[in-house]
Amino acid sequence: MSDFPEVPSIGPEAVLDDLARQYIGGVWRTGSGDWDVIDFNPWTGDKLAAITVATADEVDAAYRAAETAQREWAATTPGARRRVIERLLDLIDEREPLIASLITAELGGTRARIAYELGLVREALREALHLPLRAEGRILPSPVEGKENYLTRLPVGTVCVISPYTFPLFLGLKTVVPALALGNAVVLKPHQSSPICGGTLLARLLADAGLPDGLFNVLVTDIAEVGDILIEHPVPRVICFTGSEVTGRHVASVAGGHFKRVVLELGGNSALIVLDDADPAYAADAAVFSRFMDQGQMCMAANRLLVDRGVLPEFTDHFLARVSALRTGDPADPDTEIGPLMDARYADHLWGQIGRAVDGGAKILHGGERRGNLVPPTVLTDVPTDSPLHREEIFGPVVLLTAVDGEDEAVTLANDSPYGLSGAVHTRDIQRGLRIARRIETGIVHVNDATVADEPIVPYGGMKCSGLGRLNGDALLDAFTDTKWISVQHGRTSFPL
């Protein structure tokens, strides 16, 4: 299998045809469906690739290949699994120019967004290097004379991963590689808008890193073609889904009916709270990153800025100055900071949310005209309290600025959402910040920082409608291994019958 071209001047077109296929059992093949997933450049509208969809037959083939390969993989040494991850880390470095060009072409990723994602990728891989050695066993005492209890962790078998179009390389990799590191096989279905960066690119990298055939399979398809077979198939024991709450509910329902474990990373409606003793300028910097990184297409992004009236004027001045300085346009331009949304559908939806809010009485402090898939950074204030925008996810460069009177109102408004993924609170009093963080109903809260963060040793996940389960750190062991109890009786048990 030939290596990627590694010369920066070579564009992604040189490898797109090679990656625009299904990857099953170590073989690149064309799907047997009768229609194609079309992969577009979100900035230019150009067609990047056409991938014939996988059908239920390919789903079965992928799972059977995974099931077969996993048995031998589970018996390999931790050192053998670590070597694959080490080589994968090297390949990320060696092929960074090409990976960056693919992210720009397929996702509209800007230079800052690419650097941020690849930084997360490297940190996740460095932590994954230790996972093969962390599936430790224990010996527990027993009240029964002569008995010992052994607890051991075993791979679950095969994991199904359904990944999103947001940060697709990182969010796919942070689930796929730990599952493989712990002795499992994986079948990945990337989002239709990011089949390359979210799927087949990772397949090529893992194959070239030396991962044995069959352990990792990529299916580019749609529920319209395969229905629920990805979840219902008897081989996968764990279903990992990242995406919308609506789809997550369906995944959980179907998986639960088949007694499969689920890990769900769903939507968010994060609030960034700025208290009366905060540093307004620094809080404004954190808010800009929290809302506008990757055009705001992140579940952790700060939808709502809840700012104490005492610092509201100073915060607003700093924030609007920073927002107005953000450079929008072609993501291939190194100076661009805000690029296009992934698809016209998402841009249409977001533009409609802005229009409905303004019709309802909201005021635009900063905004502009939409250009194709490019929605300009938009700041709304005086949004009516009954507006859905206060409670629903905003997936794009739009933020609500709301004045609050004191920390109790800030906490009440922050919690007035069905979601509970991330949040932040800014204050010069760290103990005050910790007290408020404990009151915010989210799985993640950052004191004096952004709402957007992911660290590989810290369990990551949400509360309420933002998901089930956790990833990262020791949570990966719970997600991708089963605990088995084995007892040994060295003497004789006295049985009651």
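Nothing here was measured: the structure is a model prediction, and the numbers come from that model. The analysis underlying the following values was restricted to heavy atoms, covering all of them including side chains, and did not include hydrogens, waters or symmetry mates.
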>> Are the side chains of Phe480 and Val186 in contact, using a 4.5 Å heavy-atom criterion?
In response: no

>> Can you tell me how far apart CD1 (Ile196) and CD1 (Ile103) are? Round to the nearest 0.5 Å.
In response: 12.5 Å

> Is there side-chain contact between Arg29 and Tyr23, with at least one heavy-atom pair below 4.5 Å?
Replying inline: no

> Considering only heavy atoms from C-beta outward, does the side chain of Val187 approach that of His233 to under 4.5 Å?
Replying inline: no

> Can a donor-acceptor pair be found between the side chains of Asn303 and Asn269 at a distance below 3.5 Å?
Replying inline: yes

>> Main chain of Asn41, side chain of Glu106: is a donor-acceptor contact present, judged purely on distance under 3.5 Å?
In response: no

> Just by modelled atom types, is the Ser101 backbone N or O under 3.5 Å from a matching donor or acceptor in the Thr104 side chain?
Replying inline: no

>> Determine whether a donor-acceptor pair (N or O, by modelled atom type, separation under 3.5 Å) exists between the side chain of Thr336 and the backbone of Pro331.
In response: no

> Can you list every pair that meets salt bridge (charged side-chain N to carboxylate O under 4.0 Å, His left out) and has a residue in residues 110-123, with sequence neighbours left out?
Replying inline: Asp93-Arg122, Glu96-Arg122, Arg113-Glu117, Arg113-Asp294, Glu123-Arg126

> Which heavy-atom pair separates Leu215 from Asn184 by the least distance, and what is that distance?
Replying inline: CD2-O, 4.3 Å

> Considering only heavy atoms from C-beta outward, does the side chain of Asp39 approach that of Ile51 to under 4.5 Å?
Replying inline: no

>> The test is side chain to side chain contact (heavy atoms under 4.5 Å, CB included); show your working for Leu88 and Val177 and say whether it passes.
In response: CA-CA 10 Å; Leu88 180 58; Val177 174; 3.9 Å; yes

>> How long is the straight-line distance from CG of Leu102 back to OG of Ser194, given to the nearest 0.5 Å?
In response: 12.0 Å

> Okay, side chain of Glu393, backbone of Gly267: is any donor-acceptor separation there less than 3.5 Å?
Replying inline: no

> Can you list every pair that meets salt bridge (charged side-chain N to carboxylate O under 4.0 Å, His left out) and has a residue in residues 451-472, with sequence neighbours left out?
Replying inline: Lys174-Asp454, Glu441-Lys464

> Any chance the side chains of Thr30 and Gln22 put a donor and an acceptor closer than 3.5 Å?
Replying inline: no

>> What I'd like to find out is whether the side chain of Leu173 reaches to under 4.5 Å of the side chain of Leu202, using heavy atoms alone.
In response: yes

> So how far is it from Tyr63 OH to Asn217 CG, rounded to the nearest 0.5 Å?
Replying inline: 9.5 Å

>> Enumerate the salt bridge (charged side-chain N to carboxylate O under 4.0 Å, His left out) contacts for residues 226-246, please, sequence neighbours excluded, ordered by first and then second residue.
In response: Glu245-Arg249

> Between Glu58 and Ser32, is a side chain to side chain donor-acceptor pair (under 3.5 Å) present by the stated rule, with each step listed?
Replying inline: CA-CA 8 Å; Glu58 277 88 42; Ser32 60; 2.8 Å; yes

> Between Thr52 and Gly33, which heavy-atom pair has the shortest distance, and what is it?
Replying inline: CG2-O, 3.2 Å

> So, for Gly461 and Ile444, which heavy atoms are closest and what is the spacing to 0.1 Å?
Replying inline: O-CG1, 3.9 Å

> Is Asp482 salt-bridged to Arg261, cutoff N-O under 4.0 Å?
Replying inline: yes

>> The test is side chain to side chain contact (heavy atoms under 4.5 Å, CB included); show your working for Ile99 and Leu118 and say whether it passes.
In response: CA-CA 9 Å; Ile99 294 169; Leu118 291 182; 4.1 Å; yes

> For residues Ser193 and Asp343, is any side-chain donor paired with an opposing acceptor at under 3.5 Å?
Replying inline: no

>> Counting neighbours of CD on Glu148 that are heavy atoms of other residues, nucleotides or ligands and sit closer than 6.0 Å, is the number greater than 12?
In response: yes

> Are Ser244 and Thr247 linked by a side-chain donor-acceptor pair shorter than 3.5 Å?
Replying inline: yes

>> Glu86: which residues meet the side chain to side chain contact (heavy atoms under 4.5 Å, CB included) condition with it, sequence neighbours left out?
In response: Arg82, Arg83, Leu129

>> Does Tyr116 form a side chain to side chain contact (heavy atoms under 4.5 Å, CB included) with Phe170? I'd like the steps, not just the answer.
In response: CA-CA 10 Å; Tyr116 185 69; Phe170 169 63; over 6 Å; no

> Does Gln295 reach the main-chain N or O of Gly339 with its side chain, forming a donor-acceptor pair under 3.5 Å?
Replying inline: yes

>> Between Asp208 and Arg95 (salt bridge meaning N to carboxylate O under 4.0 Å), is one present in this structure?
In response: yes

>> Looking only at the side chains, is there a donor atom on one of Asn373 and Trp43 sitting less than 3.5 Å from an acceptor on the other?
In response: no

Return a table of donor-acceptor pairs under 3.5 angstrom between the side chains of residues 151-168 and protein atoms on other chains or two or more places apart.
residue, atom, partner, partner atom, Å
Arg153, NH1, Leu477, O, 3.2
Arg153, NH1, Thr481, OG1, 2.8
Arg153, NH2, Asp478, OD1, 3.2

> Going by distance alone, is a donor N or O of one side chain under 3.5 Å from an acceptor N or O of the other, for Ser422 and Thr442?
Replying inline: no

> Once you round to the nearest 0.5 Å, how far does CH2 of Trp485 lie from CG of Leu140?
Replying inline: 10.0 Å

>> Checking the side chain of Ser466 only, and the main-chain atoms of Tyr419 only, is there a donor and an acceptor separated by less than 3.5 Å?
In response: no

> How many angstroms lie between atom CG of Leu180 and atom CD1 of Ile85, to the nearest 0.5 angstrom?
Replying inline: 8.0 Å

> Rounded to the nearest 0.5 Å, how far does CG of Asp335 lie from CG of Asp330?
Replying inline: 11.0 Å

> Under the side chain to side chain contact (heavy atoms under 4.5 Å, CB included) criterion, do Ile394 and Val399 qualify, and how do the steps go?
Replying inline: CA-CA 8 Å; Ile394 305 172; Val399 68; over 6 Å; no

>> I'd like to check the ring pair (Phe, Tyr, Trp, His ring centres under 6.0 Å) partners of Phe40; sequence neighbours left out, ordered by chain and number.
In response: none

> Does the salt bridge (charged side-chain N to carboxylate O under 4.0 Å, His left out) test come out yes or no for Asp285 and Arg322, once each step is laid out?
Replying inline: CA-CA 8 Å; Asp285 289 343; Arg322 286 292 318 279; 2.6 Å; yes

> Closest heavy-atom contact between Thr76 and Arg81?
Replying inline: O-NH2, 3.2 Å

> Is there a donor in the side chain of His426 and an acceptor in the side chain of Asp279, or the other way round, less than 3.5 Å apart?
Replying inline: no

>> Could you tell me if the side chain of Phe292 sits less than 4.5 Å from the side chain of Leu326, heavy atoms only?
In response: yes

> Just wondering, do Val425 and Asn448 contact through their side chains at under 4.5 Å, heavy atoms?
Replying inline: no

> Looking at Ser417 and Arg304, what are the two nearest heavy atoms and their distance?
Replying inline: CB-NH2, 4.0 Å

> Do the non-hydrogen side-chain atoms of Leu266 and Leu421 ever get within less than 4.5 Å of each other?
Replying inline: no

> So which heavy atom on Ala69 is nearest to which on Gly214, and how close?
Replying inline: CB-C, 3.7 Å

